[in-house]
Amino acid sequence: MQLIVNILVLAAIYALISCGYVLVYRVSRVLNLAHGELMMLGGYMLIVTAATISSNPIAAIAGALVLSLMVGGLVYVFLMRKMTGEMVLAAVLATVALGILLRGLVILFWSAQIQYPAQTLALSNPTLNLPGGASISFYSAMLIVATVVVYSTLFAFLRFGSWGIRMRAAGQSPLLAAQRGINLHGVYALAWGLSTLTGSLAGILIALDSGLSQTIVMIGLKAFPAALVGGLDSLVGALAGSLIVAAAEVLMIHYVDPLLADVVPFLVLIGMLVVRPWGLFGTREALDRV
Amino acid sequence: MNSDTMLTVDKLEVVYKRAITAVQGISLSVARGQIVAVIGTNGAGKSTTLRAISGFIGIDDARVTDGSVTFKGQRIDNRPPHTIARLGIALVPEREKVFPNLSIAENLAAPVAARASRSERRRREELVYHFFPRLAELRARIGGLLSGGERQMLAIGSALVCHPELLLIDELSLGLAPVVVEGLMERLVQIRRELDITILLVEQSASVALAISDYGYVLENGRVVLDGDAARLKDHPEIKEFYLGQARAGDRRSYAEIKQYRRSRRWYG
Ligand SMILES: Nc1ncnc2c1ncn2[C@@H]1O[C@H](COP(=O)(O)OP(=O)(O)OP(=O)(O)O)[C@@H](O)[C@H]1O
Ligand SMILES: [Mg+2]
């Protein structure tokens, strides 16, 4: 039972992070390899807002999320926008550089020391007991709730929202989208903003749950195989991929060796690439364009 | 060029990839309410001209390097496509004309209209289904699964949702059966009548285009080689000979060659 809970929590973390990879990839065909760092930045945003805006946790978290949305949009406007129309490789490399830069900045401002924003905000993290003898920490439970809320909202937005439909349209044919009056830069900035927002939400909850340091970038990196296993351009795929990767990882830790934890997602990824290079739910042609 | 001119293209020059000049000094004008045809063979620069009017994006790597495009008194050359679309010019492109993984209904919901009140928007979408009842039957089907004719209907429909004053159509007849083309052409005439829209029509098949047009231009090698009232063009001997396939001489040559040939014949008596 505890095993299932652990799998669900880890899957929720990966899913919440990997939808950011999917959003950006789906509209602009760019792999955002700085997503892990942007997620970490979300955690540090919380430290900033807790210190400056308000010590009320809700207000601090909301402030951090708004900041993340803006950071994502600004990353597009000031960095990725120049890359539009350039080779995809150039754009991907730009995200790699951005990631390294962000890590450097975080060390510069906050040192490599582990931080506990939960303490700053005077929040406790009670353990909830579940039927069947399992237990879950409060913020782990919140991670699952957040994942459910974020995915339902994204599904509804992309399916029924006018700008959601336009984001999908721009992903399928940027030229036709522009010819139909859709401002591509606006759509891309929105995708980056939403992607960073959801990533930050994950970063914030992880930071509240277990503290914040550079190491959480690794979690972001492990969510990437989850997104890719699902096909990278599909939200359903990201959910399924996250579940698969999380299950493999938790079972491996439990039955084989905890030291393998960080390797498992990439093993799953390699296995997947050999069998179905376009992922579980991805479109086959999507991968040619990378 | 009178005050009722909607679009003026003046000595337009378009260069691809900073090296390939595809259009070299085309001038044409479109009066409000008219249907104007641009005809020419493969590679004449027809699509490039329409794309220059409707705007290039970064990946096209194309630029208007000389001349101008003026829409209702406003210069629009080298502006991004979405601003041009919102000014009231909608293009039905030659390729990539619908979003392949969006349903018909979503294809019609995606465009950002020039004038977009919510009720107006709904009226426009209903109007598309009125012009093309076939699309209403297939609302939930995705664009990529449509037949060529249905896809063309959807392309025209999604352009109409943009609320254009000027509709640019690139090769309506491409890959379609003659009876389908005829139906679409009739629909265009109806659309112009009911919506008071101006249409610039690019076609390889001259007979089809000139049949519904008021005025026509003939393009070759990136230049306008002939223009005139559609009725007069239809009877023009050289158009007849080359574009309408009513050749007198057995072999087909380019229009320029024929002209050259005539001229030389005249020269040598
Ligand atoms: N993206 C591009 N890059 C480079 N050259 C191009 C590009 N698109 C078109 N051209 C060139 O510009 C010229 C005009 O092409 P254009 O597509 O405008 O012709 P067209 O009259 O529409 O022909 P068709 O009837 O075959 O559609 C051609 O010589 C073509 O090779
Ligand atoms: Mg063409």
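Chain letters run A, B, ... following the sequence lines, proteins first, then strands; residues in each count from 1. If you're wondering where the values come from, they're calculated on a predicted model, not measured in any experiment.
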What residue in [options] has the most heavy-atom pairs under 4.5 Å with chain A?
{"options": "B:V112, B:I57, B:D60", "value": "B:V112"}
{"options": "B:A109, B:S158, B:S54, B:A113", "value": "B:S158"}
{"options": "B:P164, B:A155, B:P80, B:A159", "value": "B:A159"}

Report all side-chain donor-acceptor pairs from residues 85-95 of chain B shorter than 3.5 Å, counting only partners two or more places apart or in another chain.
unit_1: B:R86; atom_1: NE; unit_2: A:G181; atom_2: O; d: 2.9
unit_1: B:R86; atom_1: NH2; unit_2: A:G181; atom_2: O; d: 2.7
unit_1: B:E94; atom_1: OE1; unit_2: B:S47; atom_2: OG; d: 2.7

Side chain / backbone / both / neither for B:D61 at chain A, heavy atoms under 4.5 Å: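 The answer is neither part of B:D61.
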
Would you kindly say whether [X] and [Y] are connected by a side-chain donor-acceptor distance under 3.5 Å?
{"X": "B:Y16", "Y": "B:T48", "value": "yes"}
{"X": "B:Q190", "Y": "B:R187", "value": "yes"}
{"X": "B:Q74", "Y": "B:R79", "value": "yes"}

Just so I understand: if I count every heavy-atom pair under 4.5 Å between each of A:L176, A:I182, A:I165 and chain B, which residue has the most?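 Option with the greatest count: A:L176.
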
Please classify the contact between A:S162 and chain B as side chain, backbone, both or neither, with a heavy-atom cut-off of under 4.5 Å.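 Interface part for A:S162: neither.
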
Set of side-chain contact (heavy atoms from CB on, under 4.5 Å) partners for A:A11, sequence neighbours left out: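 With sequence neighbours excluded, A:A11 shows a side-chain contact (heavy atoms from CB on, under 4.5 Å) to A:L243, A:A246, given in chain and number order.
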
